[in-house]
Structure formats: C-alpha cells, structure tokens
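Predicted model, so just to flag it, every value in this text is computed and none were measured. Side chains included, hydrogens not; waters and symmetry mates left out as well; all remaining heavy atoms used.
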Amino acid sequence: QVQLVESGGGLVQAGGSLRLSCAASGSIFSIGAMGWYRQGPGKEREWVAQITSGGTTNYADSVKGRFTISRDNAKNTVYLQMNSLKPEDTAVYYCNARVAQSGGSGYRTYWGQGTQVTVSS
C-alpha cells in the first residue's frame, strides 16, 4: 500500500554532482522522518542522512559538507543533493521513510528498492 521509488542515480565523474529523489506513494496518512542509506560493493548498508518532519537534518561524517538532504512535504518526496562526489561514494542508494498509513495504527519504516550511483575517477 506504500511504495518508495528512488530516481536520479547514474554515472558521474569525481568532483561532479548528482541529485537523488525518492517519492512516496500509496495510502499515506502522514510521513515522519525520511532518510538515505547506501551500500557499496562488498560493504554493509550504512546510514547517510536523515531529515525529520520538521526539517532537522543529520549527516554521516563521510558526507557532511558535501551532501544535502531536503524534502517537499507536498510531494511526499525526499531529495539528496550530492556534490563533490568521490569514487568512495559509489553505491546503491536507498531511501526510507516513517509512514503512517491511512487507517493504520502507527508509523512503520518503508524502504525503496535503490538507485545506483557510480563515481568514476
């Protein structure tokens, strides 16, 4: 009933920029915090950034100063602006969100299926 779909991934040169989007759809009553995670080849999934419903942001040290998370509540969408990209940023990027479904009893965490970001040197 709730789906998150990422878009905007692709191939970019080191030092370049990319903007990811993640749109939530379905039977949504409200959305709380939203975030981004990533998983590089042979690595575990790691947290990248989060943004609360009120707009408070937090970032992993590895991306602080380079990435910016934002959201458009009217569109149920979270964004990740990635600047000064490094080869180490290469990963599948996943969004997640705390969503209360219409008619539900509380918030649950939902995940997108990921979008590939490849940074070449």
Please evaluate residues Val117 and Thr90 with respect to the criterion side-chain contact (heavy atoms from CB on, under 4.5 Å), reporting the C-alpha separation (whole Å), side-chain torsions for both, the decisive distance (0.1 Å), and the verdict. CA-CA 5 Å; Val117 172; Thr90 295; 5.9 Å; no

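The side-chain hydrogen bond (donor to acceptor under 3.5 Å, both in side chains) analysis of residues 8-23, with sequence neighbours excluded, yields the pairs Ser17-Asn83. Screening residues 2-119 for disulfide bond (SG atoms under 2.5 Å apart) gives Cys22-Cys95 as the qualifying pairs, with residues at least two apart or on separate chains. Screening residues 110-120 for side-chain hydrogen bond (donor to acceptor under 3.5 Å, both in side chains), with sequence neighbours left out, gives Gln101-Tyr110, Gln116-Thr118. Residue pairs meeting the ring pair (Phe, Tyr, Trp, His ring centres under 6.0 Å) criterion with at least one partner in residues 66-93, sequence neighbours excluded, are absent. Sorted by first and then second residue, the salt bridge (charged side-chain N to carboxylate O under 4.0 Å, His left out) pairs with a member in residues 71-82 form an empty list; sequence neighbours excluded. Applying the disulfide bond (SG atoms under 2.5 Å apart) test to every pair with at least one member in residues 42-80, sequence neighbours left out, gives no pairs at all. Contacts classified as salt bridge (charged side-chain N to carboxylate O under 4.0 Å, His left out) and involving residues 25-42 (residues at least two apart or in different chains) are given here: Arg38-Glu46, Arg38-Asp89.
Under the side-chain contact (heavy atoms from CB on, under 4.5 Å) criterion, Gln39 pairs with Arg45, Tyr94, sequence neighbours left out. Under the side chain to side chain donor-acceptor pair (under 3.5 Å) criterion, Ser102 pairs with no residue at all, not counting sequence neighbours. Residues meeting the side chain to side chain donor-acceptor pair (under 3.5 Å) test with Lys43, sequence neighbours left out: none. Applying the side-chain contact (heavy atoms from CB on, under 4.5 Å) rule to Ser30 yields the partners Ala100, Tyr107; only residues at least two apart in sequence or on another chain are considered. Shown here are the side-chain contact (heavy atoms from CB on, under 4.5 Å) partners of Ala49, two or more places apart in sequence or in another chain: Tyr59, Ile69, Leu80.
Thr57 contributes atom OG1, which lies 14.5 Å from atom CE of Met34 (distance to the nearest 0.5 angstrom). For the atom pair Asn76 CG and Ser25 OG, the distance stands at 8.5 Å (nearest 0.5 Å). Leu4 CG to Ile31 CD1: the interatomic distance, rounded to the nearest 0.5 Å, is 7.5 Å.
Val48 and Val92 fall into different hydrophobic clusters, defined by Ile, Leu, Val, Met, Phe, Trp and Tyr side-chain heavy atoms under 4.5 Å apart, directly or through other members. The same ILVMFWY cluster, assembled from side-chain heavy atoms under 4.5 Å apart, contains both Val63 and Val119.
With a 4.5 Å cut-off on side-chain heavy atoms, Ile51 and Thr56 do not count as touching. The side-chain heavy atoms of Asn58 and Trp47, taken from C-beta on, include a pair separated by under 4.5 Å. Taking 4.5 Å as the limit, some side-chain heavy atom of Leu85 sits within range of a side-chain heavy atom of Leu18. In this structure, the side chains of Gln50 and Trp36 stay at 4.5 Å or more apart for every pair of heavy atoms.
Side-chain contact of Ser84 with Arg66: a donor-acceptor pair under 3.5 Å is absent, judged by distance alone.
For Gln1, the CD atom counts as loosely surrounded, since its 6.0 Å shell holds 12 or fewer non-hydrogen atoms of other residues, nucleotides or ligands.
A pairwise comparison of heavy atoms in Ala14 and Ser121 identifies CB-CA, 4.4 Å as the closest pair.
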